[in-house]
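Take a look at the structure set out below.
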Amino acid sequence: MPTSVTDPWSDLLACLELDGPGPVPGGGSGAAAAPSPAAVRLTGRNQRLTYHRLFGGQLLAQFVRAAGAACPGKAVKSLHALFPRAGRSDEPVRYEVERHHEGGTFATVAVTARQEPGVIATASVSLHAGEDGADRQSVPGVPAVPGAEHEVKLDLLPWETRSTADLDAAAAGPPEYELWMRTPAVGAELAPALAAYATDLTLIGTALRPLDGVSQSDAGTAFTSAVTSHSVWFHRPFRTDDWLLLRQHSPVLAHGRCFGRGDLLAADGSLVASYAQEALLRLKDHS
């Protein structure tokens, strides 16, 4: 049944269910299998948004799902994506997954996202089967989840979000941003894809915070932007229907580009993922 445009959460979940014939004959799996040039081909539908360009977070989430489909029994541990061309919302995305290596513990795949004009995004993805080992971390603790009075509305995140800072404020501030999020109840197997989706939304706005009179709400008027590369590393299993903190910082904006990085932490302080992004950011008449 078609998803209603008024139900963005169900719409996003539908985008995470990739369609396809499954493994191409000869693709195989496991350490002894010979990799095929294109082991898995899948198709992803697009979010029903009000503009014509694909949101990069959708592609990141679908990259996670495509890699997992190619290597069942392993979880994505890192994803490194490039976005050479803007995607179109009126055409499904075709994913080609090439298995470069799959052993008993680790696997490496390359995923190519295509539409009619050509390649719109590529990703190198590493996967890892769960295993025990030493467990430590060194990151600042997390504050308490802000109260409901700090709820914020981020159109592309169809779930609960809270923050004590305002990325739409015109006044200058530090290039830092903390956002709490919690999705509706959902299976843990979708957590990496949903988290990857969320990490793509607010790093450009974080880079703009030190600029007086400019905020992320001025996209298309005071500046133009486009994500060029994005990486995510997953450290521990987690759920998105528990509170998570996106803690991010943008250390540099130069030469028409900005760069930002962040950590994803559970409410108990566990570091569950980290991410980084570079984007084109061209300011218009800003001194």
For this session: Run the numbers on Trp180 and Val142 for side chain to side chain contact (heavy atoms under 4.5 Å, CB included), then give the verdict.
Result: CA-CA 11 Å; Trp180 287 93; Val142 300; 4.2 Å; yes

I'd like to know if the side chain of [X] pairs up with that of [Y] as donor and acceptor (distance under 3.5 Å, no hydrogens or angles considered).
X: Asp263; Y: Ser274; result: yes
X: Thr199; Y: His230; result: yes
X: Gln62; Y: Arg45; result: no

For [X] and [Y], work out which heavy atoms get closest and say how close.
X: Phe238; Y: Ala195; value: CZ-CB, 3.7 Å
X: Leu49; Y: Phe55; value: CD1-CB, 4.3 Å
X: Val76; Y: Ala67; value: CG2-CB, 4.1 Å
X: Ala69; Y: Leu42; value: CB-CD1, 4.0 Å
X: Gly57; Y: Asp200; value: N-OD2, 2.9 Å
X: Pro251; Y: Gly260; value: CD-CA, 4.3 Å

[X] with [Y], same ILVMFWY side-chain cluster at under 4.5 Å:
X: Leu264; Y: Leu271; answer: no
X: Leu156; Y: Trp159; answer: yes
X: Leu245; Y: Leu201; answer: no
X: Leu167; Y: Phe259; answer: no
X: Leu54; Y: Leu82; answer: no

Return the [atom1] to [atom2] distance between [X] and [Y], rounded to the nearest 0.5 Å.
X: His101; Y: Ser126; atom1: NE2; atom2: OG; answer: 9.0 Å
X: Leu127; Y: Thr105; atom1: CG; atom2: OG1; answer: 12.0 Å
X: Leu281; Y: His255; atom1: CG; atom2: NE2; answer: 13.5 Å
X: Gln137; Y: Ser270; atom1: CD; atom2: OG; answer: 5.5 Å
X: Leu16; Y: Glu189; atom1: CG; atom2: CD; answer: 10.0 Å
X: Asp166; Y: Gln216; atom1: CG; atom2: CD; answer: 8.5 Å

Please check: side-chain N/O of [X] versus main-chain N/O of [Y], any donor-acceptor pairing under 3.5 Å?
X: Asp241; Y: Ala185; answer: no
X: Arg53; Y: Gly87; answer: no
X: Thr228; Y: Leu280; answer: no
X: Thr183; Y: Thr240; answer: yes
X: Thr206; Y: Thr202; answer: yes
X: Arg239; Y: Val186; answer: yes
X: Arg85; Y: Val119; answer: yes
X: Arg247; Y: Pro140; answer: yes
X: Ser215; Y: Asp168; answer: yes
X: Gln115; Y: Glu91; answer: yes

For this session: With side chain to side chain contact (heavy atoms under 4.5 Å, CB included) as the test, would you mind laying out the steps for Asn46 and Gln58 before giving the verdict?
Result: CA-CA 8 Å; Asn46 299 322; Gln58 174 198 306; 2.8 Å; yes

Measuring only between side-chain heavy atoms, which start at C-beta, is [X] closer than 4.5 Å to [Y]?
X: Tyr197; Y: Leu60; value: no
X: Ser89; Y: Gln47; value: no
X: Gln277; Y: Ser231; value: no
X: Leu154; Y: Leu179; value: yes
X: Leu208; Y: Phe223; value: yes
X: Ser78; Y: Phe234; value: no
X: Val139; Y: Leu265; value: yes
X: Pro175; Y: Gln248; value: no

For this session: Let me see the working for Glu96 and Arg41 under salt bridge (Lys or Arg N to Asp or Glu O under 4.0 Å), right down to the final yes or no.
Result: CA-CA 5 Å; Glu96 300 172 359; Arg41 297 191 183 104; 5.1 Å; no

For this session: List the steps and the verdict of side chain to side chain contact (heavy atoms under 4.5 Å, CB included) for Val111 and Val125.
Result: CA-CA 8 Å; Val111 190; Val125 186; 4.2 Å; yes

For this session: Tell me, with the steps shown, if Glu151 and Arg162 meet salt bridge (Lys or Arg N to Asp or Glu O under 4.0 Å).
Result: CA-CA 4 Å; Glu151 183 176 353; Arg162 298 180 187 179; 5.9 Å; no

Problem set entry | Worked verdict on Thr122 versus Phe83 for side chain to side chain contact (heavy atoms under 4.5 Å, CB included) | CA-CA 7 Å; Thr122 65; Phe83 301 95; over 6 Å; no

For this session: Answer yes or no: are there more than 12 heavy-atom neighbours, outside Arg282 itself, under 6.0 Å from its atom CZ?
Result: no

For this session: Kindly indicate, with the supporting measurements, whether the criterion salt bridge (Lys or Arg N to Asp or Glu O under 4.0 Å) is fulfilled by Glu116 and Arg88.
Result: CA-CA 9 Å; Glu116 190 58 36; Arg88 293 167 25 189; over 6 Å; no

For this session: Specify whether His128 and Phe106 have parallel, tilted or perpendicular ring planes, treating 30° as the upper limit for parallel and 60° as the lower limit for perpendicular.
Result: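 His128 vs Phe106 ring planes: parallel.
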
